[in-house]
Amino acid sequence: MLDRNDRRIAPPNTALPQRAVVTAPHLPLFSAAGERVSSAVYGEPIEIYERRGDCVLIRSGADHYVGWARLKGLGPWPDTPPTHWISAPMTNAFSEPDLKSMPKAALFLGSRFSVAKRDGNYLLIDDFGWVPRQHTRELGERLPEPSAVALGFMGTPYLWGGRDATGLDCSALVQLAFGACGARLPRDSDMQFAWSGVAIEAPLGPSTLQKNDLVFWKGHVGLMLDAETLIHANANHMAVALEPLEVAVKRIATLYGPPTGARRITFPHTAEPDWFVR
């Protein structure tokens, strides 16, 4: 049984898992009590540990987060390894390699796929259709700036447990922004505070913070767009929004108290994260 207080990065104490892959555009993950806790995206490798009816207990290959998901959103491990990933917050897969053709599905940042065919500026994904090449990168190619990735999600609705452009929470925004740039972060804000980057010891403010620094509260995290401006997914705006850090600190103090600290992740980021349990 799982609840929100589990650390979720360790595998359940069960038999060896079955490998599978996400075949839906996105796959919500739930606790045993039915609370949405996260989601996975197309092409994400997962491990199946248990089955109950049409639901399975899985662990994500992206961050080792554990939750229950619908079996119909999963498929067998592919024979052809992925070659590319979706690098835009969201893109359309079209029925033909033509922007005027009918869109068949939306795919989200981090989705992994192998190219079945190329036609001009379009790449064919067998399960869905043609995606614009401009919204893709080859595996191993990263985006340069986490804050720029986060800005691409401006206005995205706030959704507890969400982790894509249909809706996301504060820690998902941070995780996706840094992940697209090659820094793998854990899923929840308390895990990110415990394991990501190095602590910024000086008092928080324009003289100590810089672009891409992470600011934490108990139960919340935001990303600095510059020395004074925070971008974060938050329930006050019910969206990803910009807010002066000074204003955010005063407002959030009534909910969570003062910031618990800040952390800085340096690039290029090549080290395997020490929180990632194998």
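It should be emphasised that the depicted structure is a prediction, and the values quoted were computed from it without experimental measurement. Index from 1, following the sequence.
Between the side chain of Asn92 and the backbone N or O of Phe94 there is no donor-acceptor pair closer than 3.5 Å. Side-chain atoms of Arg19 never come within 3.5 Å of backbone atoms of Trp77 as a donor-acceptor pair (strictly under, hydrogens ignored). A donor-acceptor pair under 3.5 Å is absent between the side-chain atoms of Asp164 and the main chain of Phe108, judged by distance alone. In terms of modelled atom types and a separation under 3.5 Å, the side chain of Gln192 and the main chain of Pro186 share a donor-acceptor contact. A donor-acceptor pair is defined here as one N or O able to donate and one able to accept, closer than 3.5 Å; such a pair exists between the side chain of Asn212 and the backbone of Ser147. Judged by distance alone, the side chain of Ser111 and the main-chain N or O of Gly43 form no donor-acceptor pair under 3.5 Å.
A heavy-atom distance below 4.5 Å is found between the side chains of Met224 and Val215. Looking only at side-chain heavy atoms (C-beta outward), Ile58 and Leu74 come within less than 4.5 Å of each other. Contact check for Pro258 versus Trp217: no side-chain heavy atoms found under the 4.5 Å cut-off.
Aromatic ring orientation, His220 versus Tyr256: parallel (interplanar angle below 30°, classes split at 30° and 60°).
Inspection of the Arg187 and Ser38 side chains reveals an N or O donor paired with an N or O acceptor under 3.5 Å. In this model, no donor atom of one side chain and acceptor atom of the other lie less than 3.5 Å apart for Trp68 and Glu50. No donor-acceptor contact under 3.5 angstrom links the side chains of Asn234 and Tyr158, judged on distance only. Side-chain contact of Tyr49 with Glu47: a donor-acceptor pair under 3.5 Å is present, judged by distance alone. Side-chain contact check for Glu138 and Thr83: no donor-acceptor pair (N or O, by modelled atom type) lies under 3.5 Å.
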Next item on the list: In sequence, state the C-alpha distance, the side-chain angles, and the governing distance for Asp98 and Tyr122, and then conclude on side chain to side chain donor-acceptor pair (under 3.5 Å).
Entry: CA-CA 8 Å; Asp98 183 344; Tyr122 290 88; 5.6 Å; no
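Linking Ile, Leu, Val, Met, Phe, Trp and Tyr whenever their side-chain heavy atoms come within less than 4.5 Å leaves Val41 and Val149 in two separate clusters. By the rule that hydrophobic residues join a cluster once side-chain heavy atoms approach within less than 4.5 Å of another member, Phe193 and Ile265 end up as members of one cluster.
Crowding of Glu246 atom CD: a count of heavy atoms from other residues, nucleotides or ligands under 6.0 Å not exceeding 12.
Both tests pass for Arg142 against the ring of Trp85: distance under 6.0 Å to the centre and angle within 45° of the axis.
The distance from the CG atom of Leu223 to the CZ atom of Phe153 is 12.0 Å, given to the nearest 0.5 Å.
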